[in-house]
Amino acid sequence: MKYRKLGTTESEISEIGYGAWGIGGNQWQGAVDDESLKALKRSFEVGVNLVDTALAYGEGHSEQLVGRAVRQDFRRIYVATKVPPKNRIWPASPMTPISEVFPYDYIIQSTELSLRNLGLEQIYLQQFHVWSDAWTNTDEWRKAIEDLRRSGKVRYFGISISEHDPDSALEAIKTGTVSAVQVIYNIFDQMPERNLFPLCQAMKIGVLARVPLDEGGLTGTITEDTQFAPGEFRESYFRGDRKKQVVEHVEALKRDLAGVPGSLPEIALRFCLSHPAVTSVIPGMRRVATVESSCRAASAGKLDTRVLETLKRHAWNRNFYQ
Ligand SMILES: NC(=O)c1ccc[n+]([C@@H]2O[C@H](COP(=O)([O-])OP(=O)(O)OC[C@H]3O[C@@H](n4cnc5c(N)ncnc54)[C@H](OP(=O)(O)O)[C@@H]3O)[C@@H](O)[C@H]2O)c1
């Protein structure tokens, strides 16, 4: 495993982080706690030292599993979690006042609940689970950050940027208040390269690349016949003729990648790590096999320029979250 410095912090973060949404069990089906704990443990053994979870993932269940795994391990593991929007609306609307989403008392209480779920004394990176720059010039969120850092309950703050809106936190980043952002970045969604990544590089802000496998689209395993459990998030994400569209895009990708060593998911993870703004890529990994495959990808290093040029052509501008 290789490590990269997170922005201006003192921390060296593993290039692969553990995305812990899927193990929460409410929106992704099929996670089994024993298997999730084994996957978490294996990830630490192979050098992963960052886990990204959220209070909203299984209403604390993901945090509880992460806390158990982290407390049983002797290594230094950096835990990132998130304050959900108080109104529980994803993504944020600029028309909604911040008082309905992140009031001061709510940020403090949500952080304390996450600490109890995790069984830890400090959250390494606390992130706002939605953001709108319409809120940047208000005071309460900054005061909450100051107070939580002063009390030692949180080491650093970050923003989890809304899907398909990578420019929605540029003003907040410019304040210098946050140390990291996380954003959707993958072969299909290359939008953050335009404005967000150059700003993060200039401001020395850490970047966690999330959804690197397009919720499974870039694993190459989705076919027109793939069925998701009723009510699972991906049933909606890949609804209608979307699976057919994904298959067509993946086939085109595979044709262009013929001769490039590694599986499609491994190349997809290396794509993210090839951008110098990215600190860590955080695939969801509920199984030991996917942990091992993802970590192998990171050890293969950056993709060469010729492959990156090819992948640029596969950017695909669509929003399946709607
Ligand atoms: N708003 C937000 O803040 C937000 C939203 C979405 C995601 N996130 C974060 O980003 C993380 C990643 O996103 P995601 O989990 O939604 O989707 P993702 O990482 O794009 O895709 C996860 C899928 O890829 C599979 N996979 C992972 N590594 C693989 C490999 N090497 N080879 C083959 N398949 C592989 C996983 O399999 P198995 O699970 O079966 O092992 C899972 O089915 C989340 O877990 C969460 O931490 C944050």
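Note that ligands are numbered from 1 as they come in the structure, with each ligand's atoms numbered from 1 the same way. Just so you know, these numbers come straight off a predicted model, no measurement behind them.
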(message) Between Q127 and T81, do the side chains contain a donor N or O and an acceptor N or O under 3.5 Å apart?
(response) no
(request) Measure from the side-chain N and O atoms of W141 to the backbone N and O of T138, and report whether any donor-acceptor pair falls under 3.5 Å. (result) yes
(request) Under the ring pair (Phe, Tyr, Trp, His ring centres under 6.0 Å) rule, collect the residues that match up with H275, sequence neighbours excluded. (result) F197
(message) Testing Y124, Y78, F44 one by one against N49 for a side chain to side chain contact (heavy atoms under 4.5 Å, CB included), which residue passes?
(response) Y78
(request) Please list all pairs passing the side-chain hydrogen bond (donor to acceptor under 3.5 Å, both in side chains) test where one or both residues lie in residues 92-105, with sequence neighbours left out. (result) Y104-D147
(request) Enumerate the residue pairs fulfilling side-chain hydrogen bond (donor to acceptor under 3.5 Å, both in side chains) with a member in residues 208-217, sequence neighbours excluded, ordered by first and then second residue. (result) S160-R210, D214-Y237, D214-R318, E215-Y321
(request) Compile the protein residues with any heavy atom at a distance under 4.0 Å from an atom of ligand 1; present them by chain, then by number. (result) G19, A20, W21, W28, D52, Y57, K82, H129, S160, Q182, R210, V211, P212, L213, D214, E215, G216, T219, R234, P265, I282, P283, G284, M285, R286, R287, T290, S293, S294
